[in-house]
Undergrad: 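Sharing a structure, written as structure tokens. Questions coming.
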Amino acid sequence: MIFDPPTREYGGYIFDCDGTLADSMVVHHRAWLRALAAHGATFDFNWELFVSRAGMTLPQTVSELNAQFDIALDATSIIATQRGEYERELASVQPIVEVVEFALHVAKTRPVSVASGGERPIVQRTLGLVGLGQTFPVVVTAEDVAFGKPAPDMFLLAAKRMGVPPADCVVFEDSVLGVEAANRAGMASVLVRSPRVG
């Protein structure tokens with residue numbers, strides 16, 4: 001198993017999308033590499049660096065890279081290129097079967113939601129591609145909150161919209177930043193290990 005199921009039932013279940021429900025992180029990484037190269041970035045955006053930013057919004061990621069490497073990449077241009085490159089390969093994204101099956105199972109009896117640092121149109125398309133287009137009545141994305149992960153805002157908003165107290169929610173996440181956000185929200189968390197590496 002790529003995750004250890006919770007040892008008790010919860011009132012609400014919150015799932016990240018990329019890398020948790022959808023095996024999309026390798027595709028995201030390729031899109032970032034092409035976008036950064038197209039805009040003159042000279043640092044090595046290797047898999048480890050990419051994963052360390054997993055869970056951040058696109059603007060957050062560019063801002064953090066600018067600060068880390070003391071550069072001034074234009075976020076708007078890079079994000080537009082990254083988005084275009086990702087959308088070209090979006091149809092190739094596959095479900096992470098074990099997590100998708102678990103989500104479908106708990107959705108029969110418990111409130112479920114998605115909380116993703118991605119952009120709503122892409123997240124919705126991704127959920128549809130992995131067979132979850134009608135599963136989640138609550139989908140929280142970067143546009144819905146002031147601060148992305150590791151801030152707890154997304155998870156707290158998801159819990160509020162599900163009508164479940166944060167302490168009775170469990171979060172499924174593949175990123176360290178996502179797990180930190182869950183902890184800061186006062187929620188339990190389940191780490192989803194990547195089915196492959198970049």
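We use all heavy atoms of the structure for the numbers below, so side chains are in, but hydrogens, waters and symmetry mates are not. As the structure is a prediction and not an experimental result, all values here were calculated from the model.
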Undergrad: Mind checking the CG-OG spacing from L191 to S175? Nearest 0.5 Å is all I need.
TA: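 Here the interatomic distance stands at 8.5 Å.
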
Undergrad: What pair of heavy atoms forms the shortest contact from F136 to V139, and how long is it?
TA: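 Of all heavy-atom pairs spanning F136 and V139, the closest is O-CG2, 3.9 Å.
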
Undergrad: Do V114 and L177 share a hydrophobic cluster (ILVMFWY, side-chain heavy atoms under 4.5 Å, transitive)?
TA: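 No; tracing contacts between hydrophobic side chains, which count when under 4.5 Å, never links both residues.
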
Undergrad: Compile the donor-acceptor pairs under 3.5 Å between side chains in residues 123-130 and protein atoms, sequence neighbours left out, one pair per line.
TA:
from	atom 1	to	atom 2	distance (Å)
T126	OG1	I122	O	2.8

Undergrad: Going by the rule side chain to side chain contact (heavy atoms under 4.5 Å, CB included), which residues pair with I78 if we only count those two or more places apart in sequence or in a different chain?
TA: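 Here the qualifying residues are W32, A35, L36, H39, V62, L73.
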
Undergrad: Using the salt bridge (charged side-chain N to carboxylate O under 4.0 Å, His left out) rule, collect all pairs that involve residues 107-119, keeping only residues at least two apart or in two chains.
TA: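 For residues 107-119: E9-R110, R83-E119.
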
Undergrad: The criterion is side chain to side chain contact (heavy atoms under 4.5 Å, CB included); which residues satisfy it with S92, sequence neighbours excluded?
TA: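 Side chain to side chain contact (heavy atoms under 4.5 Å, CB included) check on S92 returns V27, E89.
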
Undergrad: Can you give me the closest heavy-atom contact between A182 and A188, atom names plus distance?
TA: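 A182 and A188 have their closest heavy atoms at CB-O, 4.3 Å.
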
Undergrad: Any sub-3.5 Å donor-acceptor pair from Q60's side-chain atoms to T57's backbone N or O?
TA: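 Yes, Q60 side chain to T57 backbone: donor-acceptor pair under 3.5 Å.
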
Undergrad: Of all residues at least two apart in sequence or in a different chain, which pass the salt bridge (charged side-chain N to carboxylate O under 4.0 Å, His left out) check with R88?
TA: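 Result, salt bridge (charged side-chain N to carboxylate O under 4.0 Å, His left out) vs R88: E85.
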
Undergrad: Quick check for you: to the nearest 0.5 Å, what is the distance between D18 atom CG and D23 atom CG?
TA: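 The CG atom of D18 sits 10.0 Å away from the CG atom of D23.
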
Undergrad: With a 4.5 Å heavy-atom cut-off, do V179 and V176 have their side chains touching?
TA: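 Contact flag for V179/V176 side chains = no.
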
Undergrad: So, for P137 and T135, which heavy atoms are closest and what is the spacing to 0.1 Å?
TA: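 Scanning both residues, the minimum pair turns out to be CD-O, 3.3 Å.
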
Undergrad: Please, which pairs that meet side chain to side chain donor-acceptor pair (under 3.5 Å) have at least one residue in residues 176-191, sequence neighbours excluded?
TA: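 Checked against side chain to side chain donor-acceptor pair (under 3.5 Å) - neighbours excluded - no pair reaches residues 176-191.
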
Undergrad: Only distances under 3.5 Å count here; give the side-chain donor-acceptor pairs of residues 147-172 to other protein atoms, sequence neighbours excluded, each with its distance to 0.1 Å.
TA:
from	atom 1	to	atom 2	distance (Å)
K149	NZ	D16	OD1	3.1
K149	NZ	A115	O	3.1
K149	NZ	E173	OE2	2.6
D168	OD1	G11	N	3.2
D168	OD2	G11	N	3.2

Undergrad: Check whether any side-chain heavy atom of V190 lies under 4.5 Å from a side-chain heavy atom of P6, and answer yes or no.
TA: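 The answer is yes; the side chains approach within 4.5 Å.
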
Undergrad: Minimum heavy-atom separation for H29 to W47, with atom names?
TA: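 Closest approach of H29 to W47, heavy atoms only: ND1-CE3, 3.5 Å.
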
Undergrad: Consider only side-chain heavy atoms of I, L, V, M, F, W and Y, link residues closer than 4.5 Å, and tell whether L132 and V140 are in one cluster.
TA: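 Per the 4.5 Å side-chain linkage, L132 and V140 are not co-clustered.
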
Undergrad: Same hydrophobic cluster for L49 and V51, using side-chain heavy-atom links shorter than 4.5 Å among ILVMFWY?
TA: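 Linked, L49 and V51 end up in one cluster.
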
Undergrad: If you look at every heavy atom in L21 and A103, which pair is closest and at what distance?
TA: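 Scanning both residues completely, I find the closest heavy atoms to be CD2-CB, 4.2 Å.
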
Undergrad: Using side chain to side chain donor-acceptor pair (under 3.5 Å) as the criterion, list what pairs up with E143, not counting sequence neighbours.
TA: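 Checked E143 against side chain to side chain donor-acceptor pair (under 3.5 Å); matches are T141.
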
Undergrad: Output all residues satisfying side chain to side chain contact (heavy atoms under 4.5 Å, CB included) with E101, sequence neighbours left out; order by chain, then residue number.
TA: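 Only V97 meet the side chain to side chain contact (heavy atoms under 4.5 Å, CB included) criterion with E101.
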
Undergrad: What residue pairs, at least two apart or across chains, pass ring-ring contact (aromatic ring centres under 6.0 Å, His included) with a residue in residues 55-86?
TA: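 Sorted pair list: H28-Y86, F43-F69.
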
Undergrad: Identify the heavy atoms of G19 and V192 that sit nearest to each other, and give their distance.
TA: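 Shortest heavy-atom contact: O-CG1, 4.0 Å.
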
Undergrad: Would you say I79 and L33 are hydrophobically clustered, going by side-chain heavy atoms of ILVMFWY under 4.5 Å?
TA: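 Cluster IDs for I79 and L33 match.
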
Undergrad: Could you label the plane-to-plane angle of the Y13 and Y10 rings as parallel, tilted or perpendicular, counting under 30° as parallel and over 60° as perpendicular?
TA: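 Taking Y10 first and then Y13, their aromatic rings stand perpendicular (interplane angle over 60°).
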
Undergrad: Mind checking whether T20 and F3 have side chains closer than 4.5 Å, heavy atoms only?
TA: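 T20 does not reach F3 side chain to side chain.
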
Undergrad: Taking the side chain as C-beta and beyond, is there a heavy-atom pair between T81 and R34 under 4.5 Å?
TA: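 Contact flag for T81/R34 side chains = no.
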
Undergrad: According to a hydrophobic-cluster definition based on side-chain heavy atoms being under 4.5 Å apart (Ile, Leu, Val, Met, Phe, Trp, Tyr only), do V26 and L58 belong together?
TA: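 Both belong to a single hydrophobic cluster.
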
Undergrad: To the nearest 0.5 Å, what is the distance between CD on E98 and CD1 on I2?
TA: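 Separation between the atoms: 4.5 Å.
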
Undergrad: Which residue pairs pass the ring-ring contact (aromatic ring centres under 6.0 Å, His included) test when at least one of the two sits in residues 106-126, sequence neighbours left out?
TA: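 Every pair satisfying ring-ring contact (aromatic ring centres under 6.0 Å, His included) with a residue in residues 106-126: there are none.
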
Undergrad: Show every side chain to side chain donor-acceptor pair (under 3.5 Å) that has at least one partner inside residues 64-74, sequence neighbours left out.
TA: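 Every pair satisfying side chain to side chain donor-acceptor pair (under 3.5 Å) with a residue in residues 64-74: R53-Q68, D74-S77.
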
